[in-house]
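Only one structure is covered here, and it is reproduced in the block below.
Remember, it's a predicted structure, so these values are computed and weren't measured experimentally. By convention in this document, chain letters (A, B, ...) are assigned in the order of the sequence lines, proteins followed by strands, and residues within each chain are numbered from 1.
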There are 2 protein chains.
Amino acid sequence: MPRRSREDTAETRRQIVETAVGVASVDGLEGLTIGRLADDVGMSKSGLLNHFGNKEALQLAALRAAQQRFRVEVWHRAADEAPGLPRLRAVAEAWVSYLERRVFPGGCFFAAATMEMDDQPGPVRDELAESMSRWLDTLATDAREAQRVGDLPPEPTAEQLAFELQGLIFATNWALQLLHDDGAPARARAAIDRLIPPAV
Amino acid sequence: MPRRSREDTAETRRQIVETAVGVASVDGLEGLTIGRLADDVGMSKSGLLNHFGNKEALQLAALRAAQQRFRVEVWHRAADEAPGLPRLRAVAEAWVSYLERRVFPGGCFFAAATMEMDDQPGPVRDELAESMSRWLDTLATDAREAQRVGDLPPEPTAEQLAFELQGLIFATNWALQLLHDDGAPARARAAIDRLIPPAV
DNA sequence: CCTACCGATCGGTAGG
DNA sequence: CCTACCGATCGGTAGG
């Protein structure tokens with residue numbers, strides 16, 4: 001029954017990757033070791049490695065799964081809003097809420113992965129940089145549309161707004177994870193309301 | 001000559017710690033391995049470990065040295081300004097400049113260490129959390145003084161301003177380290193000028 | 001400060 | 001998917 005077998009293989013791989021995302025968000029992409037992950041999912045190192053080839057491929061698989069989860073938990077919650085200020089505000093709220101809901105057990109996967117890998121050249125770093133650049137563009141595009149229709153003033157620029165939103169998310173994640181300060185999301189929302197105020 | 005010997009020991013230790021700070025800012029506090037550091041400074045593992053006892057003590061020594069460097073490169077550049085808005089603005093400028101000057105080879109030591117260690121209980125995490133809390137307090141204290149004398153409006157609150165400044169620094173460090181975006185410090189300064197504008 | 005060594009774990013391979 | 005194994009490296013210790 002080759003068909004059944006292929007499905008099982010895909011399901012096993014899915015379970016490995018899901019576990020890997022959780023481990024990586026807590027212990028980092030380097031803390032994600034093959035032996036430990038094999039124990040966690042209950043199989044041998046070589047059996048696990050068979051699905052990916054090497055550790056770097058496993059890290060990339062975890063990163064892509066984390067991106068997919070982010071899309072579902074942040075972008076999809078806002079995607080139906082009208083492009084421009086409504087969608088930008090919905091994205092910002094979903095983004096803060098994603099931290100508050102602790103979508104990843106170790107806090108924002110991308111904040112942690114970025115700080116860990118920013119000095120480690122290679123495909124993982126490249127994929128991280130590209131994906132975060134695209135995200136900043138997504139934010140700036142809605143900010144620009146909001147400015148075009150007059151929902152936001154022309155200054156600060158769209159790129160500036162995206163940059164500042166990114167900073168608020170970092171600060172919130174940091175306050176939640178390091179200081180266990182549950183007041184951080186409220187501060188983020190207050191800052192967002194000044195930065196990109198609702199249309200009147 | 002016991003005295004000369006004691007000085008040499010202190011000098012050796014100083015060199016080890018200085019090297020450790022650089023390594024940790026690039027590869028993280030866990031990437032700081034005893035064998036590699038011993039190679040870097042040209043001595044044996046056991047000789048190096050003799051100065052600290054174990055790896056955790058070495059990490060704490062590196063963290064404290066990094067704090068000292070931060071004090072010199074950021075706080076001391078602003079400490080002579082008048083408490084309140086003048087000093088807060090000077091601190092913010094020195095803080096952005098500290099990223100721009102690449103005081104640590106791997107970017108902000110504390111941003112990297114925080115994201116790496118925030119889920120790893122122990123003395124290193126505790127020291128990081130305490131030291132960053134104190135820093136936020138330092139910022140908020142000057143913000144409060146600025147509000148008291150009317151140099152800043154009562155809203156946003158002093159704590160909110162400190163939180164947002166911290167976020168701008170994270171975003172700047174991130175844009176410099178991951179995206180190699182040299183425009184980030186200018187964006188940070190623009191945001192700072194809106195957040196805590198110079199007194200008229 | 002050194003050499004010599006410990007058990008554990010790392011990423012990965014051979015062979016089935 | 002497994003067992004069995006590889007060389008390298010981990011943090012750390014014994015003994016000098």
*Is the phosphate of C:dC1, meaning OP1 or OP2, less than 4.0 Å from a side-chain N or O of B:T12?*
yes
*asked:* Quick check on the 6.0 Å ring-centre criterion: do A:F70 and A:F109 meet it?
replied: no
*Within this structure, what is the CG-to-P distance between B:L37 and D:dG12, rounded to whole angstrom?*
13 Å
*Please figure out whether A:H51 or B:T33 has its closest DNA chain D nucleotide nearer the 5' end.*
A:H51
_Length of the CG-P vector between A:L58 and C:dC10, whole Å_ = 13 Å
_Interatomic distance where CG belongs to A:D39 and P belongs to D:dC1 [whole Å]_ = 16 Å
*Return the value, rounded to whole Å, for the distance between atom CG of B:D40 and atom P of D:dT9.*
13 Å
*Please examine the side chains of A:V41 and A:Q15, heavy atoms only from C-beta on, and report whether any two atoms are closer than 4.5 Å.*
no
*Between C:dC1, D:dG12, C:dA14, which nucleotide has the shortest distance from any of its atoms to the side chain of B:M43?*
C:dC1
*Counting only distance, no hydrogens or angles, is the base of D:dG11 paired donor-acceptor with the side chain of B:K45 under 3.5 Å?*
yes
*Take atom CD of A:E56 and atom P of C:dC10, then tell me their distance rounded to the nearest Å.*
18 Å
*Please state how far atom CZ in A:R36 lies from atom P in C:dT9, giving the value in whole angstrom units.*
12 Å
_Nearest-nucleotide comparison on DNA chain C, the residue closer to the 5′ end among A:N54 and B:S46_ = B:S46
*Are the charged groups of A:D40 and A:R36 less than 4.0 angstrom apart, N to O?*
yes
*Of all the nucleotides listed (C:dC10, D:dC10, D:dC1), which has the minimum atom distance to the side chain of A:N50?*
D:dC1
*May I ask you to evaluate whether B:S44 reaches the phosphate of C:dC2, defined as a side-chain N or O under 4.0 Å from OP1 or OP2?*
yes
*Across all strands shown, which nucleotide pairs with C:dG15 by Watson-Crick or G-U wobble geometry, both distances under 3.5 Å?*
D:dC2
*Name the pairing partner of D:dG7, where a pair is Watson-Crick or G-U wobble with both distances under 3.5 Å, or state none.*
C:dC10
*Any ion pair linking B:E30 and B:K55 (charged N to carboxylate O, less than 4.0 Å)?*
yes
*Would you say B:D118's side chain and A:Q177's backbone share a donor-acceptor pair under 3.5 angstrom?*
no
*Please give, in whole Å, the distance from C:dC6 P to B:L49 CG?*
18 Å
*asked:* Tell me the interatomic distance from A:L32, atom CG, to C:dC10, atom C1', rounded to whole angstroms.
replied: 13 Å
